[in-house]
2 protein chains.
Amino acid sequence: MTEQQAVLDMLEILECGGCVEPAHFFTLMRRTFRIAHLLYLEAEPYADELKICRLHHTFGAYAAEIYRSRNLHRIDPILKLALGGVRPVEWTMARHRFPDCEPLFEAAQEIGLSTEGVALPLPSPAGRMALLALNVNMSADEWTAYRRQHLRDFQLAANLFHAAMLEHAAMPGAFSARERLTGRETEVLTWAAAGKSYWEIATILGISERTVRFFMTNARRKLNVVSNTQAVAQAVRHALIPTV
Amino acid sequence: MTEQQAVLDMLEILECGGCVEPAHFFTLMRRTFRIAHLLYLEAEPYADELKICRLHHTFGAYAAEIYRSRNLHRIDPILKLALGGVRPVEWTMARHRFPDCEPLFEAAQEIGLSTEGVALPLPSPAGRMALLALNVNMSADEWTAYRRQHLRDFQLAANLFHAAMLEHAAMPGAFSARERLTGRETEVLTWAAAGKSYWEIATILGISERTVRFFMTNARRKLNVVSNTQAVAQAVRHALIPTV
DNA sequence: ATTTAAACTGTCACTACCGACAGTTACGCG
DNA sequence: CGCGTAACTGTCGGTAGTGACAGTTTAAAT
């Protein structure tokens, strides 16, 4: 059971947060499993459109260009199913359920990619969605057996990597590099997000109302916003204040 | 590897959607793994409170009563960590990081429950959070080894069961069932989150300032909040308004 | 020992927000 | 047609938030 051991070791590395670079994670996954390609996508559903927040993959620039130029995202059933649900999405299953998506799989074969794989939906706090898609280079029967054995590993690995991505980039460049909020500023914002007035926050924190205003003003300045409402919106979006 | 086989079989059952009853799932889990008790909780972060949407567990009525009557939810670090993050939460880890939570673990020992276990956060679409907590009856060392081997199984099982729960019930008391925001209410909230005043929003939308207030008041009522700031915080958390 | 940052406070004047009063208009559905 | 729902508007009075004025204190880092 050397393979089993390798898998468990890898999962342990991930759980200890030892892997935040997508490239590193992809390498680790390809070394541990018989995976041909990986893709990690984080997006926000906006109306019926998708706003892509993060995208990392190993398919290469050529494949990406094909995908983009032919507007394959419009017909990609894997995107639709994985970002809209919470269950693993089997590529061939998606293919059969959506006859319109053939151009996608034709394009894959055209550039020599396998059409076997699975996509794992990864819901995030704050309504964002992500997915990790795994592409394998094996026969259908082989894949069925391999998948049965390793889906649990894929799922845990995907969850842990996703967690690392969320924690890591909770404060994307702009905020971490720019002025960070102090403890009090965060506290005051948190209570404001809970609907408390200055007077209430002052009472809760045991300080004067003026001081609450002081922290709030500093927070507004640091976040570069004009109102408490906007500040809280920003803070929630960037996970600067706790959800619960 | 009979145990391995049993695990894989169970996961397959779950993936085929063959288990939507919590009681059934719990039985299946306890038969397959060396798990003493399970708890599944689905909640919405609501202001500074938690609104519990669904709760199923095997701890029994007595334990539940103890938990409720002593207000242990206020100090439960597992709730806090699992509903606020995306990583598995080890019970002993949580215990060490939050010294205030001793009464919780004392109560557990008092009624003969083990204090070893793990809680798996399960984010759902639409900003809701859930968790599956697993309680085991083994020594710390035993648990460490067992956990290492089976965390991946727990995670996949939790995800699949959670998926079944989401697909199955029509969310009693959730946002979808509760009053939904209308188009204008969403628009007004969106602009408020962008820091616009009533007057500005009125100008942007080409309506009167009073009407903006009208929509905002309706939104506050529907979201059950007391200020625009809190409304925007909720809306962002629940992905009711688009991210800028 | 000086600098830096965080935490803290007071007052004035203005603007924005918010609840409660009481409506009108337009559209779809049974 | 009546019913429900979404969109829309006016006015009053009180409370909450915001900017600009001008500070003190404490603790850690250089």
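Labels below follow one simple rule: chain letters A, B, ... track the order of the sequence lines, proteins then strands, and each chain is numbered from 1. Model, not experiment: these values are computed from the prediction. All heavy atoms count here, side chains included; hydrogens, waters and symmetry mates do not.
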Classify the ring geometry of B:Trp91 against B:Phe105: parallel below 30°, tilted from 30° to 60°, perpendicular beyond 60°.
perpendicular
Taking all heavy atoms of B:Met129 and all of B:Pro121, pick out the closest pair and write down the distance.
CE-CB, 4.3 Å
B:Glu90 and B:Trp143: side chain to side chain donor-acceptor pair (under 3.5 Å), yes or no, with the steps?
CA-CA 11 Å; B:Glu90 200 56 37; B:Trp143 166 233; 2.4 Å; yes
Should the pair A:His73 and A:Tyr67 be assigned to parallel (<30°), tilted (30 to 60°) or perpendicular (>60°) ring geometry?
tilted
Heavy atoms only: give me the nearest A:Ala157-A:Met10 pair and the separation to one decimal.
CB-CE, 4.1 Å
C:dA7 P sits how many Å from A:Ile201 CD1, rounded?
15 Å
Return the orientation label for the B:Tyr40 and B:His56 ring planes: parallel under 30°, perpendicular over 60°, tilted otherwise.
parallel
Looking at five pairs on each end of the helix from C:dA1-D:dT30 to C:dG30-D:dC1, what is the angle between the two axes, given to 10 degrees?
60°
Closest non-hydrogen atom pair, A:Ala231 against A:Leu223:
O-CD1, 3.7 Å
Round to the nearest Å and state the distance from B:Arg220 atom CZ to C:dG19 atom C1'.
8 Å
Taking all non-hydrogen atoms of both residues, which atom of A:Ile78 and which atom of A:Ala119 are closest, and how far apart?
CG2-CB, 3.4 Å
Using a cut-off of strictly less than 4.0 Å, decide whether B:Tyr198 has a side-chain nitrogen or oxygen near OP1 or OP2 of C:dC18.
yes
What's the CD-C1' distance between A:Glu187 and C:dA6, to the nearest Å?
13 Å
Residue pair B:Ile75 / B:Cys101: nearest heavy atoms and the distance that separates them:
O-CB, 3.4 Å
For B:Thr92 and B:Arg95, run side chain to side chain donor-acceptor pair (under 3.5 Å): C-alpha distance rounded to whole Å, both residues' side-chain angles, the deciding distance at 0.1 Å, then the answer.
CA-CA 5 Å; B:Thr92 47; B:Arg95 185 179 190 173; over 6 Å; no
How many whole angstroms separate atom CG of A:Leu181 from atom P of C:dA6?
10 Å
For DNA chain C, the residues among residues 202-218 of chain B that have a non-hydrogen atom under 4.0 Å from it:
B:Arg210, B:Arg213
Do A:Gln155 and B:Arg152 pass the side chain to side chain contact (heavy atoms under 4.5 Å, CB included) test, and can you show the C-alpha distance, the side-chain angles, and the key distance before you say yes or no?
CA-CA 7 Å; A:Gln155 182 75 64; B:Arg152 50 191 186 161; over 6 Å; no
5'-most to 3'-most nt of DNA chain D touching chain A (<4.0 Å, heavy-atom partner on protein side) reads D:dG17 to D:dA22
